[in-house]
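Beneath this line is the structure, given in structure tokens, with notes to follow.
In what follows, chains are A, B, ... by sequence order, proteins preceding strands, each numbered from 1. Basis for what follows: all heavy atoms, side chains included, without hydrogens, waters or symmetry-related copies.
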There are 2 protein chains.
Amino acid sequence: MGKVITAASMSLDGYIAGPDESGFDRLFAWYGNGDQVVETAHPELTWHMTKASAELLRRDIAALGAFVVGRRLFDLTGGWGGSHPFDRPVVVVSHSVPDGWPRPDAPFTFVSDIGAAVARARELAGGRDVGVNGGTIARQCLAAGLLDEIWVALVPLLLGGGTPFFDHVANAPVDLDGPFEIVPDQGVTHLRYRVTARP
Amino acid sequence: MGKVITAASMSLDGYIAGPDESGFDRLFAWYGNGDQVVETAHPELTWHMTKASAELLRRDIAALGAFVVGRRLFDLTGGWGGSHPFDRPVVVVSHSVPDGWPRPDAPFTFVSDIGAAVARARELAGGRDVGVNGGTIARQCLAAGLLDEIWVALVPLLLGGGTPFFDHVANAPVDLDGPFEIVPDQGVTHLRYRVTARP
């Protein structure tokens, strides 16, 4: 069975967005600071990163079989127009099904319960890993003992405020194991941790 | 001329203390999880850490020539009984000189202005580095363009709240350069950054 992971670009002071949704240019600068092309399922969304990050991201894309996302991320992205950039099925955690959904041409499922959402994504992933985003959903998975790994792309940056990756962690303090992998690169340090202290 | 650096043990979610001053056992576990002895000027304060951390800390102790500390840290430690654990002169940033100080037997100076404090510490350091602690003083140095490097001992831990290392950063966002050094170890990852964006 695959793992359940969450991943984010995070500033050294722990934020995945700066004040008033600022800072994304800096947090995601490493997606565009190199000459290695990483393509997504969306032709207009093509990244140019340095070698180490590109190799890691290509490996991750291959390893991930499905996603669980929150309703906020679904709404923000407009459901990615019906197709996740990594071309994978998506389970949306939502108390209501949005107008016009589900669509026969889009592999999106709507589930109200986080546990059921992860279980459904596991089935859809066919043995591959399940990615959970954003922070609120990741936190719910952590609290429910469903999260296996946390992948942080640590950006050399102080945002000074904004949206923390890990806010209102239930059962804190939570001990992690690792990092079991460290990939240094230009403008980012990839750190991967295992969740050891299941509630 | 030496550098001005600040250093702290920080949880992955950015805290140097948990809620209600908790979490120190976890944040400083790496000071006691190995068999390499690191001695300080205080016989009762001897650390037992793993090899990589011990080598790094011994190098740091040798490189640091003086400290600038805030009044809160001075009061919390009782002025370390008149002798800093690393046996170095200390400049205390304080609007008032505490009762009984300065003492002829203790190399502690009291200065009300952060800029003057760093300048005095530089003189005392004799070309070696100056360490500034805690977070409030480090932040003041950062805001005043006096900070050269940030050393983070990143601990695999989510504290979920408490005292952020970098709170209320003036002139945020602040871009950093690095990490120029990464030292992985048991229970801690040492990451060292340069401050590039001087205000």
Side-chain angles (χ1 to χ4, degrees), chain A residues 8 10-19 22-27 29 135 138-139 142-143 147 150-152 154-162 164-197, chain B residues 8 10-19 22-27 29 135 138-139 142-143 147 150-152 154-162 164-197:
Chain A
M10 185 179 90
S11 64
L12 184 61
D13 52 351
Y15 296 102
I16 56 173
S22 65
F24 295 119
D25 52 336
R26 285 177 157 90
L27 281 168
R139 198 162 60 236
L142 182 65
L147 195 65
I150 296 171
W151 299 352
V152 173
L154 194 66
V155 177
L157 166 69
L158 302 177
L159 283 170
F165 188 15
F166 307 102
D167 201 10
H168 303 104
V169 177
N171 308 308
V174 175
D175 291 309
L176 305 174
D177 184 36
F180 62 88
E181 185 167 22
I182 301 176
V183 178
D185 202 1
Q186 286 298 314
V188 64
T189 308
H190 302 278
L191 301 168
R192 305 203 158 180
Y193 296 88
R194 286 194 189 88
V195 179
T196 53
Chain B
M10 186 179 90
S11 64
L12 184 61
D13 53 350
Y15 297 101
I16 55 174
S22 65
F24 295 119
D25 52 337
R26 286 177 157 89
L27 282 168
R139 200 162 58 236
L142 182 65
L147 195 66
I150 296 171
W151 300 352
V152 174
L154 193 66
V155 176
L157 166 69
L158 302 177
L159 283 171
F165 188 15
F166 307 103
D167 200 11
H168 303 105
V169 177
N171 308 308
V174 175
D175 291 310
L176 305 174
D177 184 37
F180 62 87
E181 185 167 22
I182 301 176
V183 178
D185 203 0
Q186 286 299 313
V188 65
T189 308
H190 302 278
L191 302 168
R192 304 203 158 181
Y193 296 88
R194 286 194 188 88
V195 179
T196 53

Shortest non-hydrogen contact from A:Pro164 toward A:Gly162: CD-O, 3.4 Å

Rounded distance (nearest 0.5 Å) linking atom [atom1] of [X] with atom [atom2] of [Y]:
{"X": "A:Leu154", "Y": "A:Met10", "atom1": "CG", "atom2": "CE", "value": "5.0 Å"}
{"X": "A:Phe165", "Y": "B:Leu12", "atom1": "CZ", "atom2": "CG", "value": "8.5 Å"}
{"X": "B:Asp167", "Y": "B:Ile16", "atom1": "CG", "atom2": "CD1", "value": "9.5 Å"}

Looking at B:Gly14, B:Ala172, B:Pro156, which one has more heavy-atom pairs under 4.5 Å with chain A than the rest? B:Pro156

Most contacts with chain A, counted as non-hydrogen pairs under 4.5 angstrom, among B:Asp13, B:Leu159, B:Leu157: B:Leu157

With a 4.5 angstrom heavy-atom cut-off, which part of [X] approaches chain A: side chain, backbone, both or neither?
{"X": "B:Ile182", "value": "side chain"}
{"X": "B:Val152", "value": "side chain"}
{"X": "B:Tyr193", "value": "side chain"}
{"X": "B:Ile150", "value": "side chain"}

Under 3.5 Å, side chain of B:Arg26 to main-chain N/O of A:Asp175, donor-acceptor pair present? no

Ranked by heavy-atom pairs below 4.5 Å to chain B, first place among A:Thr189, A:Leu158, A:Val188 goes to A:Leu158

For A:Arg192, give me all partners under side chain to side chain contact (heavy atoms under 4.5 Å, CB included), at least two apart in sequence or on another chain. A:Leu56, A:Arg59, A:Asp60, A:Trp151, A:Phe180, A:Glu181

